[in-house]
Trainee: 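Starting off with a structure, shown below.
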Amino acid sequence: MPSLENPDFRRALAERIRYYYELGIYDFFRRESSAESAPQGRPTAVASAPELREEMAPRKSVVIEKPARNDVFHGLNSKPEHNVSDPAAALQLIRQDLGDCTRCKLHQQGRKQIVFGVGNPHADLMFVGEGPGADEDAQGEPFVGRAGQLLNNMIKAMGLRREDVYIANVVKCRPPGNRTPERDECDTCSPFLMRQVAVIKPKVIVALGAVAAKNLLAISAPMSELRGRFYDFMPSGARTSDPDWQGAKLAVTYHPAFLLRDPRQKGEAWKDLQMVMKYLGLKLPTSNV
Ligand code: SF4
């Protein structure tokens with residue numbers, strides 16, 4: 001096994017990590033060695049993607065600075081927005097990092113643009129849907145169509161304005177025909193949502209619909225079981241620099257598009273929102289959505 005003291009090995013490792021950064025892969029973990037999985041003499045220090053287990057020969061055509069002793073591993077979990085205290089600036093860095101994203105197949109299935117998210121970077125309340133629809137794809141903003149209008153009314157009924165909250169989706173590109181985003185698409189895109197959450201540090205996240213809820217909570221259950229309670233939520237894989245933020249409370253309610261199809265459920269959604277309002281200390285109005 002090459003030693004970390006070996007400059008060629010360190011350079012090759014740094015180069016490989018930089019390559020993964022360019023792909024948008026930041027999270028690595030250290031695999032514990034064992035007699036079965038890591039026979040003596042094989043590198044085990046860094047391995048989350050299979051490629052990291054390949055031999056790492058130095059590419060002599062690439063010139064990189066000689067890393068300081070711990071620089072190779074410093075930043076394995078580092079992201080561009082880390083150490084940026086202003087949430088608006090941090091969100092911009094995440095958006096820049098996302099770039100003209102081609103990480104999942106949704107980039108080539110008719111999206112017009114990436115729908116990153118909108119709202120107050122300091123919001124106490126965040127709404128998360130499943131993905132952009134046609135109106136959102138056209139305008140580049142989440143929840144701007146009929147469902148968006150209903151969400152605006154829901155926010156207003158809570159005594160807030162749309163610009164007070166932050167709104168995003170699990171996937172940032174429109175699935176063709178408004179189909180449900182697939183597992184691999186959610187898995188690829190949601191780390192960026194997690195980073196948005198880690199930057200905004202909301203007190204409460206409201207998952208709009210079962211798809212958002214299942215992706216955020218990593219549990220599969222009917223809406224009737226998901227609703228009506230708070231879950232403790234800490235964005236997976238993301239890191240916050242604020243030791244005072246211990247994560248958000250997450251509540252689940254119906255997606256506004258579902259409420260448009262079945263307005264009888266608005267009363268149930270209003271109960272969910274009242275639970276959130278109570279937690280946030282918002283005054284409960286007498287009218288409903
Ligand atoms: S859905 Fe997300 S991961 Fe997929 S291409 Fe769009 S921005 Fe990239």
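Note that this is a predicted model, so its numbers are computed, not measured. Counting convention: from 1, in listed order, for ligands and their atoms alike.
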Trainee: Could you identify the single nearest non-hydrogen protein atom to atom 6 (Fe) of ligand 1 and state the distance to 0.1 Å?
Mentor: C173 SG, 2.3 Å
Trainee: Please determine whether C189 has a backbone or side-chain N, O or S atom lying under 2.8 Å from atom 2 (Fe) of ligand 1.
Mentor: yes
Trainee: List the closest protein heavy-atom neighbour of atom 4 (Fe) of ligand 1: residue, atom name, distance to the nearest 0.1 Å.
Mentor: C104 SG, 2.3 Å
Trainee: Taking the side chain as every heavy atom from C-beta outward, state whether R103 and F192 have any pair of such atoms under 4.5 Å apart.
Mentor: yes
Trainee: So, the side chain of E185 versus the backbone of E182: is there a donor-acceptor pair under 3.5 Å, distance only?
Mentor: yes
Trainee: List every atom of ligand 1 that sits less than 4.0 Å from any heavy atom of R111, numbering the atoms from 1 in the order shown and giving each element.
Mentor: 5 (S), 6 (Fe)
Trainee: Taking only heavy atoms of H107, which atoms of ligand 1 are found under 4.0 Å from at least one of them?
Mentor: 5 (S)
Trainee: Please find out if less than 6.0 Å separates the ring center of Y279 from that of F230.
Mentor: yes
Trainee: Do R227 and Y254 come within less than 4.5 Å of each other through their side chains, counting heavy atoms only?
Mentor: yes
Trainee: Do you see a donor-acceptor pair shorter than 3.5 Å between the side chains of Q109 and R179?
Mentor: yes
Trainee: Spell out, as yes or no, whether a donor-acceptor pair under 3.5 Å connects the side chain of K214 to the backbone of S220.
Mentor: no
Trainee: Need the ligand 1 atom indices (1-based, order shown) with element for anything under 4.0 Å from a heavy-atom of K172.
Mentor: 1 (S), 7 (S)
Trainee: Numbering the atoms of ligand 1 from 1, which are under 4.0 Å from a heavy atom of C101?
Mentor: 3 (S), 5 (S), 7 (S), 8 (Fe)
